[in-house]
Each structure stands twice: as C-alpha cells, then as structure tokens.
Amino acid sequence: MTNTVDAAKIPADATAESSSTIQVEKLKLEKNWDKVFPKSDKVNHQKITFVNRYGITLAADMYTPKNYTGKLPAIAVCGAFGAVKEQISGLYAQEMAERGFLTIAFDPSFTGESGGYPRFVASPDINTEDFSAAVDFLSNLDNVDKNKIGIIGICGWGGIALNAAAIDTRIKATVATTMYDMSRVMANGYFDYDKDAETLKRERMQNRINANNQRTADYKAGKYTRAGGVVEDPSNFPQFIKDYYAYYKTERGYHKRSLNSNAGWNATTALSFMNMPQLSYIDEIENPVLIIHGENAHSRYFSEDAFENMTGVKRSGLDTISGNKELLIIPSANHIDLYDNKNAIPFDKIENFFKANLK
C-alpha cells in the first residue's frame with residue numbers, strides 16, 4: 001500500500017510564517033560535464049536551482065557569455081518532452097549564450113535533477129508554471145535586464161511555452177520549435193485529422209478507462225507503473241519513431257536521466273493533459289512569437305494549427321507572418337532535425353528574433 005506522510009513536517013498552524021516561506025529543496029547535482037554535446041569555450045557554465053509556485057525546486061544549467069558588460073537579455077529553455085537539460089535544451093541554451101544571451105536550460109518538475117514527487121509525471125499546469133518560475137529566477141539576477149526575458153520551448157515544451165506566454169506577460173518573446181500540443185496528442189493520438197469525431201470520442205473513453213484502471217492498480221501496488229520510453233526495436237514502426245530511436249537510444253542523444261531514453265513517464269501522465277487542454281488563450285498573446293517546424297516533420301500540423309489559432313491566418317509557403325507572429329518552415333527537415341542538427345536549426349533566425357524583440 002501507499003506510504004504515509006510524516007505529519008510532524010506539515011505546519012499545523014496556517015498563520016505560521018513557515019507556511020508561506022519559499023523553501024529550497026537540497027538537490028543532488030552532477031558536478032561533471034555530462035551533456036550529449038561538447039562544452040563551449042565561449043561561455044561560462046554553472047549549475048543553479050530555483051523554486052516554482054508549487055514549492056518544487058528545479059535544477060538548471062546556466063550559460064553566460066564570457067567578457068560581457070552591463071545587463072544581459074535572458075532566455076529560459078526547456079524540452080523536448082521526456083528529455084533532460086543535458087540533451088536538446090542544453091544545446092540550444094549554450095548556443096544562444098554564445099550569441100550574447102544569459103540562458104538557463106532546466107529540468108521540468110519531477111524529472112531529471114529537479115525535485116518533486118512522485119517522479120516521472122507531467123502536468124499542463126505545473127509545467128507551464130516551470131517556465132514562469134524560470135522567469136522569476138532570471139528577473140532577480142543582477143546581471144539580467146528583467147524587461148528582456150524570453151523563452152524557448154522544444155517539442156512538447158513548444159506547446160507549453162506558448163501556454164506560458166499566454167499567461168505570463170513578463171515573457172517578452174517566445175520561440176516554439178518542432179512543437180507538439182501534448183493535450184491534443186494525448187487526447188486524440190497522432191494525426192487526429194484522419195479520424196472522425198465519433199472514433200476519437202470512443203478512443204478517448206477507452207484511454208480514460210485504461211488510465212483510471214492503472215491508477216487503481218498503482219495505488220494497490222504502492223508504486224507508479226512506467227509507460228516505457230522510446231521503443232527498443234523501431235524496425236516495424238513509422239519513420240518518426242525510427243527518428244526518435246536514432247536520437248534517444250544511441251550515442252547521439254542517450255542520457256541516463258532522460259525518460260525517453262529509458263523507462264518513460266508514469267503510465268497515468270496523460271490524464272491531466274486529456275482533461276485540461278493547453279493553448280486555450282494563445283490568441284491573446286500580445287508579445288512576439290516565432291514558431292519553427294520542419295517541412296517533413298510528422299508533427300508539423302501542431303505548429304500550423306497553433307499559428308492559425310493564434311493569428312487567424314493559415315500557413316502560406318515556408319515563412320508566414322501575421323503582425324508580430326511568425327511561422328517558419330525549414331525545408332526538408334524532420335522533427336528530430338530540430339533537436340541537434342545545426343545545419344537545420346535556424347540559430348541565426350532565432351538570435352535575430354530575440355535581439356529584435358528583447359530590447
């Protein structure tokens with residue numbers, strides 16, 4: 001059965017000062033460089049922690065340009081969904097630091113080196129809050145201009161970044177690259193446009209039944225079942241699964257703390273995403289947004305639909321602009337190309353976007 005909580009550690013008096021004090025959990029942080037990408041000699045690197053509004057302490061890598069003067073513009077980076085900061089987000093953060101920004105790549109709540117229990121669970125609310133907590137941290141650094149803070153979300157964190165931009169007005173510019181809408185894919189599966197409404201409705205109900213039965217079983221067992229990461233043998237799967245394997249399960253991108261590289265999320269993670277859709281208010285984002293996707297990515301429809309929902313404008317060609325919102329399609333690129341292929345990731349474009357809008 002489940003373990004009990006030590007009641008002695010819970011403040012009994014709601015008037016107690018300790019009830020509202022921000023408390024930092026002591027985390028175990030790796031001291032050695034254990035990224036899947038080479039360390040740059042153009043930036044300084046250090047481990048940092050910060051706390052979100054739910055009291056969860058998050059771990060991050062901070063990258064600072066060498067030989068800078070004055071206050072810096074800053075960018076918080078996270079993703080992909082099920083990855084850790086030693087993988088994709090760290091690569092983006094280090095690259096953007098080389099280009100003059102103070103950056104942090106953080107592990108989401110409940111994953112990687114970050115705190116929070118239970119482990120290996122995601123939440124559309126808490127993970128959106130993780131981005132805002134990163135902004136809290138950056139806003140209070142002496143060497144950061146708090147009016148020049150942006151975010152980058154990759155894959156599933158692209159959708160979460162848009163969700164954060166819709167609620168947090170301190171985020172002055174947002175980049176979502178190779179994005180997923182995790183609420184949509186968990187509710188409808190891949191390529192929901194190929195299924196009629198009744199089929200989707202029946203599938204959602206069966207998924208609810210399965211996930212809630214899993215809850216019952218987990219509680220009885222006193223532990224959470226993992227759903228599994230990227231498949232061990234992708235030979236009989238679609239090409240995009242083979243692409244995921246090529247990143248997460250090989251030397252190219254494998255990391256011991258990555259959920260996708262190992263046993264995956266808790267099996268009941270989908271429940272909250274199915275019930276609480278993201279992106280409900282992205283049409284109210286006033287600050288600039290750049291959405292980037294690969295032309296040949298299986299997931300491209302997430303970006304196209306998010307851009308249309310945000311602006312009312314359908315994609316037209318490889319570069320569609322509506323006001324201060326832009327959808328950029330990278331020719332011939334697939335989903336994974338925008339993880340670590342520097343020939344595909346438009347870092348010059350991202351740099352120019354932030355320099356133009358964090359001013």
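Since we're looking at a predicted model, the values are computed, not measured. Just so it is clear, the values below take in all heavy atoms, side chains as well, and ignore hydrogens, waters and symmetry mates.
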Exercise for the section: Apply ring-ring contact (aromatic ring centres under 6.0 Å, His included) to the pair Trp157 and Tyr180, showing each step before the final yes or no. Expected result: CA-CA 7 Å; Trp157 277 82; Tyr180 268 47; over 10 Å; no
Handout entry: Within-4.5 Å side-chain heavy-atom neighbours: Val230 and Ser261
Key = no
Exercise for the section: Indicate whether the side chain of Gln214 and that of Asn210 have a donor and an acceptor atom separated by less than 3.5 Å. Expected result: no
Exercise for the section: State whether the number of non-hydrogen atoms from other residues, nucleotides or ligands found under 6.0 Å of Tyr190 atom OH is greater than 12. Expected result: yes
Problem - Heavy-atom donor-acceptor pair, Lys85 side chain to Asp61 backbone, under 3.5 Å - result: no
Handout entry: Candidates Phe240, Tyr244, Tyr301 - the one meeting ring-ring contact (aromatic ring centres under 6.0 Å, His included) with His335
Key = Tyr244
Handout entry: Minimum side-chain heavy-atom gap Leu141-Lys146 below 4.5 Å
Key = no
Fill in the blank from the handout: Residues passing the side-chain hydrogen bond (donor to acceptor under 3.5 Å, both in side chains) test with Asn127, sequence neighbours excluded, are Asp130
Exercise for the section: Please tell me if the side chains of Lys349 and Leu290 come closer than 4.5 Å, counting only heavy atoms from C-beta onward. Expected result: yes
Exercise for the section: Only counting residues at least two apart or in another chain, list the ones meeting side-chain hydrogen bond (donor to acceptor under 3.5 Å, both in side chains) with Asn260. Expected result: Tyr248
Handout entry: Pairwise ring-ring contact (aromatic ring centres under 6.0 Å, His included) hits with a residue in residues 72-97, at least two apart
Key = Phe81-Trp265, Phe81-Phe273, Tyr92-Phe347
Completion exercise
Hits for side-chain hydrogen bond (donor to acceptor under 3.5 Å, both in side chains) against Lys195, two or more places apart or cross-chain, chain-then-number order -> Glu203
Exercise for the section: Please step through side chain to side chain contact (heavy atoms under 4.5 Å, CB included) for the pair Ile126 and Asn52, ending with a clear verdict. Expected result: CA-CA 9 Å; Ile126 295 174; Asn52 73 15; 4.1 Å; yes
Practice task
To the nearest 0.5 angstrom, please state how far the CG atom of Leu58 sits from the CZ atom of Phe110.
Solution key: 9.5 Å
Practice task
Would you check if Leu327 and Ser303 make a side-chain contact, meaning some heavy-atom pair closer than 4.5 Å?
Solution key: yes
Handout entry: Partners passing salt bridge (charged side-chain N to carboxylate O under 4.0 Å, His left out) against Glu95 (at least two apart in sequence or in another chain)
Key = Arg99, Lys342
Problem - Residue Ile167 excluded, over 12 heavy atoms near CD1 under 6.0 Å - result: no
Handout entry: Sidechain-backbone polar pair: Arg315 side chain, Gly317 backbone, donor-acceptor under 3.5 Å
Key = yes
Problem - Heavy-atom donor-acceptor pair, Arg226 side chain to Asn266 backbone, under 3.5 Å - result: no
Practice task
Examine distances only and state if a side-chain atom of Thr174 and a backbone atom of Val289 form a donor-acceptor pair shorter than 3.5 Å.
Solution key: no
Handout entry: Co-members of the apolar cluster containing Ile209 [side chain, <4.5 Å]
Key = Met205
Practice task
Using the six-membered ring of Tyr224, assess whether NZ or CZ of Arg119 lies under 6.0 Å from its centre and within 45 degrees of the ring axis.
Solution key: no
Problem - Listed partners of Tyr247 passing side-chain hydrogen bond (donor to acceptor under 3.5 Å, both in side chains), at least two apart - result: none
Practice task
Can you establish whether the number of heavy atoms outside Asp196 located under 6.0 Å from its atom CG is more than 12?
Solution key: yes
Exercise for the section: State yes or no: do Met276 and Ile160 share one hydrophobic cluster built from I, L, V, M, F, W and Y residues joined by side-chain heavy-atom distances below 4.5 Å, directly or via other members? Expected result: no
Completion exercise
Contacts of His293 meeting ring-ring contact (aromatic ring centres under 6.0 Å, His included) (sequence neighbours excluded), chain-then-number -> none
Practice task
State whether the number of non-hydrogen atoms from other residues, nucleotides or ligands found under 6.0 Å of Tyr54 atom OH is greater than 12.
Solution key: yes
Exercise for the section: Scan side-chain atoms only and decide if Glu98 and Ser40 contain a donor-acceptor pair under the 3.5 Å cut-off. Expected result: yes
Problem - Heavy-atom donor-acceptor pair, Thr57 side chain to Glu25 backbone, under 3.5 Å - result: yes
Problem - Beyond-backbone contact of Val77 with Ile154, side-chain heavy atoms, under 4.5 angstrom - result: yes
Problem - Which residues share a salt bridge (charged side-chain N to carboxylate O under 4.0 Å, His left out) with Arg257, sequence neighbours left out - result: Asp34, Glu86, Glu113
Handout entry: Note, Lys172 side chain near Lys359 side chain (heavy atom, < 4.5 Å)
Key = no
Fill in the blank from the handout: OH of Tyr63 to CD1 of Ile75, rounded to nearest 0.5 Å, is 13.5 Å
Handout entry: Side-chain touch Asp192/Leu200, heavy atoms, less than 4.5 angstrom
Key = yes
Exercise for the section: Supply the atom-to-atom distance Asn275 CG to Leu271 CG, rounded to the nearest 0.5 angstrom. Expected result: 8.0 Å
Problem - Pairwise distance CD1(Ile149) to CZ(Phe137) - rounded to 0.5 angstrom - result: 10.5 Å
Problem - Under 3.5 Å donor-acceptor, Lys325 side chain and Ile285 backbone - result: yes
Problem - Test salt bridge (charged side-chain N to carboxylate O under 4.0 Å, His left out) applied to Lys314 - qualifying residues, sequence neighbours left out - result: Glu308
Problem - Rounded distance [0.5 Å steps], OG in Ser109 versus CD in Glu129 - result: 8.0 Å
Problem - Pair Asp305-Arg184, salt bridge (Lys or Arg N to Asp or Glu O under 4.0 Å): steps then yes or no - result: CA-CA 11 Å; Asp305 288 356; Arg184 181 176 177 181; 2.8 Å; yes
Handout entry: Hydrophobic cluster of Val51, others only, ordered by chain and residue number, side-chain cut-off 4.5 Å
Key = Ile22, Val24
Handout entry: Lys201, NZ: over 12 other non-hydrogen atoms inside 6.0 angstrom
Key = no
Problem - Check: Thr128/Asn163 side-chain N/O donor and acceptor closer than 3.5 Å - result: yes
Handout entry: Path from Val84 to Val36 over hydrophobic side-chain contacts below 4.5 Å
Key = no
Fill in the blank from the handout: The complete set of salt bridge (Lys or Arg N to Asp or Glu O under 4.0 Å) pairs with one or both residues in residues 228-245, sequence neighbours excluded, reads Glu232-Lys249
Problem - Short side-chain to backbone donor-acceptor contact, Thr111 and Asp107, under 3.5 Å - result: no
Exercise for the section: For the pair Asp136 and Arg170, find out whether any cationic side-chain nitrogen is under 4.0 Å from an anionic carboxylate oxygen. Expected result: yes
Completion exercise
Of all heavy-atom pairs linking Leu72 and Gly100, the shortest is CD2-O, 3.6 Å
Problem - Rounded distance (nearest 0.5 Å) linking atom CD1 of Ile56 with atom OG1 of Thr49 - result: 13.5 Å
Practice task
Indicate yes or no for a side-chain donor-acceptor contact from Asp283 to the backbone of Gly312 under 3.5 Å, with no hydrogens or angles considered.
Solution key: no
Problem - Side-chain donor or acceptor of Thr103 paired with backbone N/O of Ala93 under 3.5 Å - result: yes
Practice task
Look at the side chain of Thr320 and the backbone N and O of Ser316, then say whether any donor-acceptor pair between them is shorter than 3.5 Å.
Solution key: yes
Problem - Heavy-atom side-chain contact between Ile152 and Ile350 under 4.5 Å - result: yes
Practice task
Flag the pair Asp218 and Lys223 as a salt bridge only when some basic side-chain nitrogen lies within less than 4.0 angstrom of an acidic carboxylate oxygen.
Solution key: no
